[in-house]
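Letters go in sequence order (proteins before strands), and every chain restarts at 1.
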Protein chains: 2
Amino acid sequence: MSMTNNYELYKVFYWAAKMGSLTQAAKTLYLTQPSVSHAIKQLEERVGISLFYRNAKGVSLTQEGKILFSYIEQSQILITLAEEKMVALKNLDSGDLRIGGSDSLFKHYLLPFLEDFHVQYPGIKLHLKHGTTPEVISYLKEGRIDLGVVRMPIVDSLLEVTESIQLQDCFVAGERYAELKGQVLSMEQLMEYPVILFSRNSRVRMAITELFEKYGHELKPDIEVGSVDLLIEFARRGLGISFVTREFVSKELKEGSLFEIELDIEVPPSNVGMMIMRNMPISTAATKFLEMVR
Amino acid sequence: MSMTNNYELYKVFYWAAKMGSLTQAAKTLYLTQPSVSHAIKQLEERVGISLFYRNAKGVSLTQEGKILFSYIEQSQILITLAEEKMVALKNLDSGDLRIGGSDSLFKHYLLPFLEDFHVQYPGIKLHLKHGTTPEVISYLKEGRIDLGVVRMPIVDSLLEVTESIQLQDCFVAGERYAELKGQVLSMEQLMEYPVILFSRNSRVRMAITELFEKYGHELKPDIEVGSVDLLIEFARRGLGISFVTREFVSKELKEGSLFEIELDIEVPPSNVGMMIMRNMPISTAATKFLEMVR
DNA sequence: AGGAGCTATAGATCATGTCTATGACTAATA
DNA sequence: TATTAGTCATAGACATGATCTATAGCTCCT
């Protein structure tokens, strides 16, 4: 298929032409002069055209050699650029890191790591793609993100999930329901108040719904919102009792604008999971980021 | 200097990426699948980055692999174009043929060959560079022409000269000097008439001047012209006796507008010489042309 | 469950790229 | 003019490493 069947010869040709000397080319290529001489001879034989004039001070291209060189030069430059680019990617001087997850996890969990990473590797472009857990999983499988950050549990044989910090979800309310402070509510009691939940198909929403179901209750929210920020804000304004991740409202709990409502059952804690594709190579940037998170 | 130290690997990479399958790449490259697998593995190790995802139906590029491919693809395309160009040059579907010589030799000697050559190899561009013999020789040495066509003798150790047809120079005149028809003139007698010669540093001019000198005469032209056409035209119009190459005025001699003046000495014939550089590779086009001329 | 793809691995083989040593040549020196 | 110092070419030995065969492991599809 290829005329020469050895592209290595073009590298030798390139340097021989560029240096105007087989001896110099040999030095550049860390070869001996006879090797270069032999390589050029071979190339000429395979192409079937003389490419160089040999004279006492070195070599110079023939008419045909010049034509060949005009192509090969470009080709070699591209390879050099490619190699430089690869080194940059490896050194994390350049590249992309694409992470999928929920806005809340980005904001409340990942942000400090992202900041550190960006400071340390400013050449890496960060792409944050938010979506629900199933969306993030499919992004991952489609190769549109390098890693996904979601709430556990995840069961998918194609994914490799490493658990990160543990988070505790809980119900919180604002001053409006101050009478509940210090009390321990049953599920029935809780459900008498307006409940604010995250929108469907969120993992946290599913978890609490399932927990209530286990005890024979159907937890139906009075208000359904699409962001953790709204969940917090609504609770503060007294619109109801929000089910949120305790760690994400630590500021509000501390300053007292929200308080936690204790239940007579235990809401099981859940972990943050970092997902990557199983048995698939992972980019240098993603590897480095995962190391940082641990 | 080079990261991979084997550009051959890029060829394998290119085809593996292009085909999306190591097995298919192997077929394209006339290799076995393990060879390709091994080559890709090596490239990945040397670059230090995973380039492919391996899955059950073949391989697909990673993010980094895609970046590498964007460079390598261009590079490979250029090499392919280069190889196609080389084949075209070799097959004389493309290329240049640069010939140096005098206008008169082009017109009266080389023209039919040039026509034949052009018909047979229409893809080859012809460059005719006219000049005096020393000029043609220096063009040749500077590599600005592939071959030179001049009048013999040429003595230059750097040149390889092959003699071609023999030409006979002679004096001719037009009707104005009809009285000289049939006469045999001595040099002295000839010199009593106005003599028209080609401009200095032409080989023919030098030859006749030297011949006269040998007999103790100094041949000084009354008119000096720069082209053979003018030499002929001036003689026809009776401005004097021109020293021309007999073969170049055969038409005029036949139709009677010019007649040859016989001398009592013999003007030695001289050959046309085709010059190329000694010990220098010669282009395919030039080789073919030389073959045609013989 | 079985078959038909795919890629990976191990180990043997042998082609060929590379080396050393030397020669031939040219150009610029002494 | 002889010498020297550079060039590239050639020959033959050597060893690297590219390539092969054989085989295994895996995934998908029937």
Length of the line joining [X]:[atom1] and [N]:[atom2], which is rounded to integer Å:
X	N	atom1	atom2	answer
B:Met280	C:dC25	CE	P	15 Å
A:Phe13	C:dG17	CZ	C1'	20 Å
B:Asn55	D:dC29	CG	P	11 Å
B:Glu8	C:dT18	CD	P	12 Å
B:Tyr7	D:dG17	OH	C1'	19 Å
B:Leu29	D:dA18	CG	P	14 Å
B:Tyr10	D:dA18	OH	P	14 Å
A:Lys41	D:dT7	NZ	P	20 Å

Can a side chain N or O of [X] be found less than 4.0 Å away from OP1 or OP2 on [N]?
X	N	value
B:Ser37	C:dA8	yes
B:Lys57	C:dT7	no
A:Thr23	D:dC8	yes
B:Arg54	C:dC6	no
B:Gln33	C:dA8	no
B:Thr32	D:dC20	yes

### Task
Assess B:Lys85 against A:Tyr71: is NZ or CZ under 6.0 Å from the centre of the six-membered ring, and within 45 degrees of the ring's axis?
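Checked: cation-pi criterion not met.
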### Message
Quick check with a 6.0 Å cut-off and a 45 degree axis cone: is B:Lys288 positioned over the face of B:Tyr121's six-membered ring?
### Response
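Geometry flag: not set, cation outside 6.0 Å or 45°.
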### Query
Which nucleotide in the set C:dC6, C:dC19, D:dA18 lies at the smallest distance from any side-chain heavy atom of A:Leu31?
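Closest nucleotide to the A:Leu31 side chain: C:dC19.
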### Query
Out of D:dA9, D:dA18, C:dT7, which has the shortest distance to the side chain of A:Leu22?
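Closest nucleotide among those given: D:dA9.
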### Residue whose closest nucleotide on DNA chain D lies nearer the 5' end, B:Ala39 versus B:Pro34
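Upstream on the strand: B:Ala39.
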### Query
Does B:Arg98 reach the main-chain N or O of B:His127 with its side chain, forming a donor-acceptor pair under 3.5 Å?
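No: the side chain of B:Arg98 does not pair with the backbone of B:His127.
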### Message
Could you check whether B:Ser75 and B:Tyr7, counting side-chain N and O atoms only, form a donor-acceptor pair closer than 3.5 Å?
### Response
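On atom types as modelled, these side chains do not qualify, holding no pair under 3.5 Å.
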### Task
Assign each of A:His38 and B:Gly58 to its nearest nucleotide of DNA chain C by heavy atoms, then name whichever residue's nucleotide is nearer the 5' end.
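Upstream on the strand: B:Gly58.
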### Message
So B:Ser35, base contact, sugar-phosphate only, or nothing? Heavy-atom distance under 4.0 Å.
### Response
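Base contact - B:Ser35 has a heavy atom under 4.0 Å of at least one base atom.
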### Task
Determine the interplanar angle of the B:Phe52 and B:Phe13 rings, folded into 0 to 90°, and report it as parallel if under 30°, tilted if 30 to 60°, perpendicular if over 60°.
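The rings of B:Phe52 and B:Phe13 sit tilted, inter-plane angle from 30° to 60°.
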